Structure formats: structure tokens, C-alpha cells
Protein chains: 2
Amino acid sequence: MVTIYDIAAKANVSAMTVSRVINNTGRISEKTKAKVKKVMEEMNYVPNQMARSLVLQQTRILFLLITDITNPFYTTLSRGAEDAATKNGYRLLFGNSDENLEKEAGYMNTILTTRVDGVLIAPTGDPSLPHLEQLRLHNIPFVLLDREVPGIECDIVLGDSKEGARQLVDQLASQGHQHIALVNGSSSVSSARMRRLGYEEALKLNGLPLHEERVFETSFGPRSDLTELDAWISSLDPMPSAIVAGNNVLAVEVIGLLRKRGLRIPDDISIVCFDDFGPYSEIDPFITVVAQQAYQFGYMGMQMLIDRIQNREDAGPWKKIVLPAELVVRSSVKRLLD
Amino acid sequence: MVTIYDIAAKANVSAMTVSRVINNTGRISEKTKAKVKKVMEEMNYVPNQMARSLVLQQTRILFLLITDITNPFYTTLSRGAEDAATKNGYRLLFGNSDENLEKEAGYMNTILTTRVDGVLIAPTGDPSLPHLEQLRLHNIPFVLLDREVPGIECDIVLGDSKEGARQLVDQLASQGHQHIALVNGSSSVSSARMRRLGYEEALKLNGLPLHEERVFETSFGPRSDLTELDAWISSLDPMPSAIVAGNNVLAVEVIGLLRKRGLRIPDDISIVCFDDFGPYSEIDPFITVVAQQAYQFGYMGMQMLIDRIQNREDAGPWKKIVLPAELVVRSSVKRLLD
DNA sequence: TAAATTGGAGTTATCGGTAACGCAAATCAT
DNA sequence: ATGATTTGCGTTACCGATAACTCCAATTTA
């Protein structure tokens, strides 16, 4: 491997001079600068970031940990985070925890040992607390995305889950739906809790009774096995006229299962959900959703993270950004009133 | 930051002994091992991967560079690559070039300076050649995904683009379509070239004439501005009865534009495309596609990469895997025969 | 013209680890 | 009992870069 010393030897200068040329610091004559640069090109020199980070104690690399790389919400978020990072001269590494605490733990390990400058993280849920405490302990700045974790204070970007859920239920109720079920993410995920809360509040406000058995909690991530979900649908009696899905993944899976039963949407059953479908909402925009500003989640979160890193000591109080969600009415809800 | 020396001091041993405990190498008594481990826990020690990599000359980190993080083909592929990497004890970092050569160059820089052990890369196209030559020059093993780059010999995983395109056209022709247009990726991308070739061959085999103006080449990635694409559609005269899209992104965009013109699919115009829609093919499975084995692309590519890394010297000849594509007939094609 | 300043570059120590070697004490073989 | 091994751990050097300091020569200033 070509090192700074190889360059130095060939250019008849000291290693320090080469370093100065690379970083454009200190005082060097244009002549030696040109000479060194020429030798660097000739020898195809590439600086060793690890050696540099070791002495500088910073990497200028940030880490983005998402929970589901196949979900358009997170991929769009990633684009936002990437744009903000690049704009500020940081490189961004991605990880995908797959809504799995162990995978998350694996990435935490990479994060700590790699000594990245900061982390943007969508935690798998409340059990992520120890992971966040680790980051705090090792003084690694981080910003949470989409999900709060009780027990830790930090910068965070959230969606207005409660209000969004209310809007979905209101929308259904306004069309005359009275039997509304909820398929939701795990109650160990704050956004799922808020969505449930919004659902329950909206039922009450619309004068509808709450039936516990109409609420099913599972993972926000895609299931390899749909039998449990299918069993819950079977157990619904009477069949609700509408289902609220806690996110787009659940909506897709539920729709698949309903169709297998020969049910048509919205003729036989209505469905609405959280999160839009990225580009695919374009081709068959038939599901009524509460769309979140995925790109903004990433962009603003990254901006907060970088602010935090660059201010460090005099950083000020923790910031919390709540992004509004927008109801997009399409054609997955049947009108039951006349 | 807690270092190996802090541990050594507190445990009354040398730094080397601590290193031995961490790596479980050399000879240490159970007693000292336990003592050191205890101190490490007490002090929340985390090894500094950069210092370690610097001396070991390897990172056990691999890099996956894809061209469109919002495309289900690539996200599914990513899952496959991740699984294979994890299984072999490697950590995986992701990058997203956005079909953009400059962004790709940026990631190349990260790759070289970070000294990752290997790279799995879907190149943006033929102009990526210098980037690959850089990797070769710096002796970083890499495996190409989905796209060949003339001028470089290496391990590669490809889809059978020509055959896939033939199947799509055959499918249309078998339903009586005679005016078939093609929206394709850039001709600087090998898979786009092969798809075009398959399209042209299939036209000929079906006795259909080739009209240059019915072929439009653009990027495989999502466009921020659809006017050019829309202008091409306007220019088509006569309007073809069917369109073949070079990938799912193009299909989605074209469908959107067609619908804006009030055209219904498949009643007014038929459409078929390369690549499935990931989970979203589930909810409205109306587009006939040639589905590629995205997960396998990632899994097998990663496996090849790791083989290459672990054998290094006696690696054998370059390997080329061609994954078959499967026609999935749905309802986006109108039957024109009686 | 002598003193002070400044420009240009080299020296040395260090970041946090690990490999290779060395060496005393403990264990083994004869 | 004594030489030969083995065990357990320390020393030293180095991975590739940079910060802080030093030093000489050229230039400016008084």
C-alpha cells in the first residue's frame, strides 16, 4: 500500500510536508506543493482514513440505522438523510436492523467500534434503551427517528401519530363505518402506542365502542409467516366494515389476506393506513392513507444531528420536531351512508 | 476514551495481555483472563476498530453500493447481501449512488480511504469503468451486480435481460399486439442494451417491424422531471398498443403519464415491464412483469465476494452467474385477438 | 548593518491497537 | 536432580497519519 512515506521519499521531502499538502494546511511553497501532488498522482496515493481518524479522533462518517429497508417510508427517509449529510460534508453509512433487536445490537457494535461521529437511528422499540444508553455513555451524539424510547432524553424527529390515527378513524366514521378494527405495530414501539391511542380516542369521539379483540398488535416489519395475522382476521366476528393499518407494510399484508378470502376492497371491506407507498402510490392510488413527510424525517433529523456534533458542548436543550401527517383520500373506503 | 492501556493499568497487566484477552489468542491463565475481563466490563471498554484495522490491514467490513435505494429490486437485493455477509461474520455498509456517476465517485472515495475488505457494486453504467479500475489497482476485491462494464473482467451476477425482454415481447405478440414501444434505461448500461437487443430480436421473430422512434432511452432511476418522457409519449404516432418498460421505475412513471392523458390500462394501452414491485405487487398485481430473483442477486453476489476475499491468491477464474427471469402474467395486457 | 520577523520544512511523539520476540517461572522427562 | 519444554506474560517496534515544536534561511525592520 502506498503511504505518505513512500510519497515523501520519492518527492524528497518529509512525511509531514506530504501531510500538509494533503490537508492544505501550514506553509508550503507552491513549488514543493506541486511536486508532491505530482508524485501522489503518479503513485495513485489514497490517504488511509483509519490512520487519520486514529489521530484526529473523528471520522466525518455518520451512521443511519433504519428498521426496514424494504419500506418506502425508510428508503425515502434515507434519501433525505443522505442529502443533508452530503451537503454538510459528511459521509453516510446505512444499516438495516429489520425490526430485530439482535441485529440492532450488531450494528451498535459496528457503530461503537468504528467510532462514527454520530448516529441517526430509528430504534426497534422500547427495548432499544440499553443501546441508546451505550451511545450516551460513549458520548456518541444521536438523534432518534419516528420512535421515542422512554428512559432516554435526546433530539428526536417524530410524526404526529395520534393525530394521524384520529384522522384515519374520522375519515372512516364520516363515511358511516361503525365497526373499525386496528392492525398495529408492537406496543413496545412508541409510534404504535400513539396510533392506538389516537384510534381509541377517535372511536370515543365518534361515539363508537371499543372492542379489545378488534385490535391486533404485531411487528411493523414484514412477516415471513402470515398465519397469525390471518388467524386474527378469522377471529373477527362480526367482520368489521373497515380496518386501520398501523403502517403500509401491514396494510399490504392485510389486503393480500383479505383478497385471498375473496373479499374486495372497498366493496366488501374498507382499509386505510399510515404511510404512503412511495412511487407506487402513483400507479394504483387506491388506498386512503395518512402520508408522513418521510424525506423531511431524514433531512431534518440529519440536520439536527450535525448541529449537535458541531456544537457539542454548548448544544442547548434537546429538540423535538413533530412533523404533521396529511390525510390523502383515495378509493379504499366505501361510503356506507346515503 | 477508554483504551487497552487504561485496562492494563487497572488490571496490573501489560497492554498485550489485554489484547490477548480481547482476541482470545496466545496463552493466558484463566485467572488473569477473568481479571482483565472484569476490568473491561467495569470500564465499559470498546475496542477501537480503526486502530485494530490499521495494524491488521483488514476491516471485516464490506461495502454494498446500489444505484437506487427506492427501487424494491435493490432493497430486496440488499437484504440478500446483508444475510450472506452476516452469515460469514462480515459487517455490511450500504451506499446509494442514485444512478449518478459523481455520487458513485464519492462512494468510491469512501471505499478506498476506509479500506473495506471488498465491494459489491451495481455500477451506474459503462462510465463506471475508471472506478472499477481504481478498485482493481488498489487490490480491493469486488463483484458486479446486474450490469457488465466493458473493459473489466471480474466476478459478476447478471439477470438474463435479453431472454426476459424476449418473453415480454412474445407475451404481447401472442395477444395480438403489433405496435410495441420500448422505454428503456440508458444505452450506457449493459442490462438496458441487452433488453433492447431482446426486444429487437423478438420483434423480428414475430415478424414485426422495428421503428427506431418507438424506442426511448433514459435513466433507470426516477426522474425529477417527467417532461421529456411525456414528450416522447406525445411523439408516438400512431400510439402503440403496448409499451415495454425497461424496469419497474419506468413502468410506474409511464403509467402515471398515460393515466394523466386519460388512457386506461389495459383497455386503451397495454404495458409490461422488467422487475417486480416487491411487496407491492401483492396489493394490486395488475402489471405483467418479468420478475428477477433480486434476493439471490444479493445473496449469491455476496457469497462470491467473500469467496474471492478468503481465497485471494488461488482464487481461480472469474465467475459469472446468470440468474433466470420469470414471466409473471397479470392483467396489464389486453387481448387483441379473438 | 544588526535585530526581528516570517516562510518553509523537518523531528518527535502520539493515536490505540497487534505481531514477533524474549524471558523467567513452572512443569515435564529422563 | 537436572536439562528440556511449556506456560504466562512483558518489551519493543510498527501500522499510517497529524499536532506541536524546532530550526534554518530569507526577508523585513529599525
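Lettering of chains follows the sequences in order, A, B, ..., and the numbering in each one begins at 1. Nothing here was measured: the structure is a model prediction, and the numbers come from that model.
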Legend entry - A:E153, CD atom: more than 12 neighbouring heavy atoms under 6.0 Å: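 Counting other residues, nucleotides and ligands, CD of A:E153 stays at 12 neighbours or fewer.
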[X] [atom1] - [N] [atom2] separation (whole Å):
{"X": "A:L56", "N": "D:dA19", "atom1": "CG", "atom2": "C1'", "answer": "9 Å"}
{"X": "B:R115", "N": "D:dA17", "atom1": "CZ", "atom2": "P", "answer": "7 Å"}
{"X": "B:Q58", "N": "D:dC15", "atom1": "CD", "atom2": "P", "answer": "17 Å"}
{"X": "A:N23", "N": "D:dA17", "atom1": "CG", "atom2": "C1'", "answer": "9 Å"}

Inset, instruction - Assess the pair B:F297 and B:F73: is the distance between their ring centroids shorter than 6.0 Å? - result: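 B:F297 vs B:F73: aromatic centres under 6.0 Å.
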Legend entry - Contact interval (first through last nucleotide) of DNA chain C with protein chain A, 4.0 Å heavy-atom: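 Nucleotide range in contact with chain A: C:dG7 to C:dG16.
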Inset, instruction - Using a heavy-atom cut-off of under 4.0 Å over every strand shown, decide if B:Q49 touches base, sugar-phosphate, or nothing. - result: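 Answer is nothing: B:Q49 stays at 4.0 Å or more from every strand.
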Inset, instruction - Scan B:V46 against the nucleic acid and name what it touches under 4.0 Å (heavy atoms): base, sugar-phosphate only, or nothing. - result: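 Sugar-phosphate: the residue B:V46, judged by heavy atoms under 4.0 Å, touches backbone atoms but no base.
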Examine distances only and state if a side-chain atom of [X] and a backbone atom of [Y] form a donor-acceptor pair shorter than 3.5 Å.
{"X": "B:N23", "Y": "B:T25", "value": "no"}
{"X": "A:D126", "Y": "A:V149", "value": "no"}
{"X": "A:S29", "Y": "A:T32", "value": "yes"}
{"X": "A:D68", "Y": "A:T70", "value": "yes"}

Quick one: closest heavy-atom pair of [X] and [Y], and the distance?
{"X": "B:T67", "Y": "B:S97", "value": "CA-OG, 3.4 Å"}
{"X": "B:L305", "Y": "B:L120", "value": "CD2-N, 4.0 Å"}
{"X": "B:A85", "Y": "B:I306", "value": "CA-CD1, 4.2 Å"}

Nucleotide N/O to protein N/O under 3.5 Å, stretch nucleotides 7-11 of chain D:
from: D:dG8; atom 1: N7; to: B:R27; atom 2: NE; distance (Å): 3.4
from: D:dC9; atom 1: OP1; to: B:S29; atom 2: OG; distance (Å): 3.2
from: D:dC9; atom 1: OP1; to: B:T32; atom 2: OG1; distance (Å): 2.9
from: D:dC9; atom 1: OP2; to: B:S29; atom 2: N; distance (Å): 2.7
from: D:dC9; atom 1: OP2; to: B:S29; atom 2: OG; distance (Å): 3.4
from: D:dC9; atom 1: OP2; to: B:T32; atom 2: OG1; distance (Å): 2.7
from: D:dG10; atom 1: OP1; to: B:S14; atom 2: N; distance (Å): 3.1
from: D:dG10; atom 1: OP2; to: B:S14; atom 2: N; distance (Å): 2.7
from: D:dG10; atom 1: OP2; to: B:S14; atom 2: OG; distance (Å): 2.6
from: D:dG10; atom 1: OP2; to: B:T17; atom 2: OG1; distance (Å): 2.3
from: D:dG10; atom 1: N7; to: B:R20; atom 2: NH1; distance (Å): 3.4
from: D:dG10; atom 1: O6; to: B:R20; atom 2: NH2; distance (Å): 2.4

Legend entry - Difference in axis direction between the ends of the helix from C:dT1-D:dA30 to C:dT30-D:dA1, five pairs, 10°: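 For the helix from C:dT1-D:dA30 to C:dT30-D:dA1, the axes at opposite ends meet at about 40°.
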Inset, instruction - Among B:R308, B:K320, B:K319, find the one that has a salt bridge (charged side-chain N to carboxylate O under 4.0 Å, His left out) with B:D155. - result: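 Passing option: B:R308.
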Inset, instruction - Could you tell me whether the phosphate oxygens of D:dA17, OP1 or OP2, come under 4.0 Å of any side-chain nitrogen or oxygen in A:Y45? - result: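 For D:dA17, OP1 or OP2 has a side-chain N or O of A:Y45 closer than 4.0 Å.
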Legend entry - Minimum side-chain heavy-atom gap B:V21-B:I28 below 4.5 Å: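 Side chain of B:V21 against side chain of B:I28, heavy atoms only: contact under 4.5 Å found.
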